[in-house]
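The shown structure was predicted, so the numbers you read here are calculated from the model rather than taken from an experiment.
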Amino acid sequence: MLNLWNLLFLSFVHFSSFSVTLGGVSGNPFTPKSSFIRYWNKEVHREIPNTHFLLSKVSPLTAVDSASFSKLAAHNNLASRLPSFCSSAKLFCFPDLSPSLEKHSKDVNFAFYLDRNFTNYGSDRLAGLDSFKNYSENDNVVVDSFRRYSRDSAGHKDQFSNYASASNVVDQSFNTYGGAATGGSGNFNNYNHEVNVPNVRFTSYSDDSNGHGQTFTHYTEETNAGQQSFSNYGKNGNGVPNDFTSYGKDSNVMGSDFSGYGKTANGAKDTFTSYAFDSNNPVNGFKSYGDGGNAAVDSFSSYRDQSNVGDSSFQSYAKSSNGAKVDFDNYGQSFNEGTEKFTGYGQGADGQSIGFKIYGRNTTFKDYTKKGVTFSRYSNESSTASGKVVVSKWVEPGKFFREKMLKRGMVIPMPDIKDKMPARSFLPRTILSKIPFSSSEIDQLKRIFHAGDNSTLGTIMLDALKECERPPSPGETKRCVGSAEDMVDFATSVLGRNVEVRTTQNVNGSKKNIMIGSVGKINGGKVTKSVSCHQSLYPYLLYYCHSVPKVRVYEADILDPNSMEKINHGVAICHLDTSSWSSGHGAFLALGSGPGRIEVCHWLFENDMTWTIADS
């Protein structure tokens, strides 16, 4: 006998094939889009136009698929249909890469490939070369797995050149790569260049190898907000040279973690040159690095030089080693004060030589050996006479400006307002309400979205959840929303039901000089409050919405300064009360002054939006 749910579902599927007009909505009344239009028209004191930009973010699911996936979610079984769910609902998901036992005995040249699972490549190989060139370039989500690659090989070479450059979210995993290899080399050149969110993990890389060297040149340069992890790298290796040159240069908020690197190795030689050079807030951790090693030679030259802030931690570095030689030359010379911590450094070591030459002004040494350590030219000044010129590198021209600059005929720079997030859609509320949304339920979420332990996707989800759960700032009201209906509910709860939502029309003028055309003052230019919504990276479209008190909101035509033609219509918010902002906020670095002393304006970036009380 059919239960009530199945009867209703069959009736719904039959009815959904008809096109009707209901509540001003033409077409299938059961699609997420039709449902949202009716909801808007009921909750907001003005009908939403069919061409409104917000409708493009509503779930594209058909009525049938929406009901089907809602039923799966109700039974906690979405994971069984994840590829179909991600594709149909336009979500951000990672492809599943299962371990492969396939053997590859010949040289391989990979060019212009996309996501792949690389297992047993180059294993037991004698000489030869595998080359990855222009691999996974200009892609949105790149997920590659290298397992047992070049393992037990002799004289085998690997080359990664222009790998995954200019991609958005990159996840690479190197597990037991080059293990027990003899001779040969691995070269990473221009790897993950200009990637938005790189996440690369090297686990048991070159372990037990003999003379198998690795070179990292121009590795993850000009990237944004990523993480590199080296765990048990070169462990028990013999004569393994590793060279990091221009690693993480010009990157923004890049983190690297070296754990158990070169541990109990013999004759290891590691060189870090221009590592995290000219970067913004790089965070590097070296834990149990070179512990128990014999005759290791490590060199750090121009490490984190010219960077902004940043943090480096060396814990149990070269502990219990024999004959280690470590040289820190021009270390930590950031132009804005960062921190270096050396804990348990060289303890229990025998015959080591550790030298610090021109090291940073905010360096602390705790529980380190007093024997064999020399300090030369401790620097008590920043590496630039005037920090502002260099600081401006990390505050893009035009990102912040003063209210007086919003005048017709004014020529100003516009920052890069292009949306860097992968394209996604909201979920229907009927599905969203059945999916967990809490950091305490991260394991269940990882199961639903096929995110493994220590995976990039798992980290992305946890970071977003923690930000959503963060207590609001004083005077702030906030909420994370994953459906269009939830966004309407939050905006109307703050502003009332007579509201409008705006966004910048397109990205024309981005990263160029623009001319301000006609300027409109929202709410007559009165000091008001608004609800601003900014995207968070998550499998479905997720917005962090918060109330913004004491603002003035403007919209302005944006002109090409040469042709004087209109190229865009921008929305700008001017924050009049900045008293609670940090003194190190980018706005003050770019504009001068400090908290509470000036107003700060900025454009709405692509796909961000602001809600205000309607003018009429």
Side-chain angles (χ1 to χ4, degrees), residues 53 194 196 222 224 250 252 278 280 308 384 386-421 500-528 530 532 534-535 548 550-578 581 584-610 612 615:
F53 74 89
E194 293 183 339
N196 187 26
E222 299 183 52
N224 180 45
D250 291 324
N252 181 37
D278 208 9
N280 183 41
N308 181 33
T384 60
S386 170
K388 185 176 179 180
V389 174
V390 187
V391 171
S392 295
K393 170 185 174 57
W394 295 111
V395 184
E396 192 177 6
K399 185 172 184 178
F400 303 104
F401 52 91
R402 300 294 300 274
E403 195 171 17
K404 63 185 179 183
M405 302 176 76
L406 280 172
K407 291 182 179 179
R408 180 192 289 269
M410 182 74 72
V411 176
I412 62 174
M414 175 173 270
D416 184 2
I417 64 170
K418 186 176 181 181
D419 180 11
K420 301 297 194 303
M421 298 280 188
E500 286 188 82
V501 58
R502 295 176 174 85
T503 188
T504 297
Q505 191 174 77
N506 55 56
V507 298
N508 293 340
S510 182
K511 301 173 72 173
K512 298 177 181 178
N513 284 336
I514 59 168
M515 178 178 285
I516 303 297
S518 61
V519 178
K521 299 178 179 180
I522 307 304
N523 297 156
K526 296 178 182 178
V527 178
T528 183
S530 68
S532 289
H534 315 280
Q535 288 187 78
V548 185
K550 295 184 181 180
V551 297
R552 273 194 283 263
V553 182
Y554 296 87
E555 50 187 354
D557 287 339
I558 295 173
L559 313 180
D560 183 305
N562 297 316
S563 67
M564 307 292 287
E565 293 182 358
K566 178 182 174 181
I567 58 174
N568 203 344
H569 187 75
V571 177
I573 299 178
C574 292
H575 300 265
L576 306 181
D577 181 6
T578 60
W581 294 20
H585 194 286
F588 304 131
L589 297 177
L591 303 175
S593 194
R597 296 171 58 190
I598 61 170
E599 86 295 339
V600 173
C601 305
H602 63 85
W603 297 106
L604 280 186
F605 285 22
E606 182 185 21
N607 288 322
D608 287 347
M609 61 189 82
T610 189
T612 60
D615 282 323

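- Side-chain contact check for H534 versus M609: every heavy-atom pair is 4.5 Å or farther apart.
- Nearest heavy-atom pair, V519 versus R408, reported as atom, atom and distance to 0.1 Å: CG2-N, 4.4 Å.
- Counting heavy atoms from C-beta on, the side chains of E403 and Y554 come closer than 4.5 Å.
- No donor-acceptor distance shorter than 3.5 angstrom exists from the side chain of T528 to the backbone of V553, with no hydrogens or angles considered.
- With sequence neighbours excluded, the residues that form a side-chain hydrogen bond (donor to acceptor under 3.5 Å, both in side chains) with E599 are R402.
- The environment of K566 atom NZ is dense: over 12 non-hydrogen atoms of other residues, nucleotides or ligands sit within 6.0 angstrom.
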Could you walk me through whether H602 and H575 pass the side-chain contact (heavy atoms from CB on, under 4.5 Å) check? CA-CA 9 Å; H602 63 85; H575 300 265; 3.0 Å; yes

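- Heavy-atom minimum distance, D416 versus F605: O-CE2, 3.5 Å.
- Here the options are N568, I412, N506, the test is side chain to side chain contact (heavy atoms under 4.5 Å, CB included), and the partner is I558; only N568 passes.
- For the pair I417/T504, a side-chain contact is recorded, criterion being any heavy-atom separation below 4.5 Å from C-beta on.
- Looking at every heavy atom in both residues, S530 comes nearest to V551 through OG-CG2, 3.8 Å.
- Taking every heavy atom of both residues into account, A572 and W603 meet most closely at CB-CE3, 3.8 Å.
- Put simply, the side chain of S518 never gets that close to the backbone of D557: no donor and acceptor are under 3.5 Å apart.
- Separating the CZ atom in R552 from the OG1 atom in T612 is a distance of 14.5 Å, to the nearest 0.5 Å.
- Within the model, atoms CG of L604 and OG1 of T503 stand 5.5 Å from one another, a figure rounded to the nearest 0.5 Å.
- In this view, H569 satisfies the ring pair (Phe, Tyr, Trp, His ring centres under 6.0 Å) rule with no residue, not counting sequence neighbours.
- In this structure, the side chain of E606 does not engage the main chain of K418 through any donor-acceptor pair within 3.5 Å.
- Among residues two or more places apart in sequence or in another chain, the ring pair (Phe, Tyr, Trp, His ring centres under 6.0 Å) test is passed with F400 by H585.
- Counting heavy atoms from C-beta on, the side chains of V600 and F401 never come closer than 4.5 Å.
- In this structure, CG in N513 is found 11.0 Å from CE in M414, a value given to the nearest 0.5 Å.
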Would you check, one step at a time, whether the test side-chain contact (heavy atoms from CB on, under 4.5 Å) holds for I573 with T610? CA-CA 9 Å; I573 299 178; T610 189; 3.7 Å; yes

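- In terms of modelled atom types and a separation under 3.5 Å, the side chain of N523 and the main chain of G525 share no donor-acceptor contact.
- The two residues T578 and G596 make their nearest non-hydrogen contact at OG1-N, 2.9 Å.
- Residues A587 and W581 share a closest heavy-atom pair of CB-CZ3, 4.1 Å.
- Taking CG of L591 as the start and CE of M405 as the end, the distance is 8.0 Å to the nearest 0.5 Å.
- Rounding to the nearest 0.5 Å places CG of D608 at 7.5 Å from CG of D419.
- Without hydrogens or angle criteria, S510 side chain to P415 main chain gives a donor-acceptor distance under 3.5 Å.
- Distance check: M515 CE to N562 CG gives 8.5 Å after rounding to the nearest 0.5 Å.
- Residues N607 and Q535 are in side-chain contact: their nearest non-hydrogen atoms beyond the backbone lie under 4.5 Å apart.
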Go through the steps for I522 and D615 under the test side-chain contact (heavy atoms from CB on, under 4.5 Å), then give the verdict. CA-CA 7 Å; I522 307 304; D615 282 323; 4.2 Å; yes

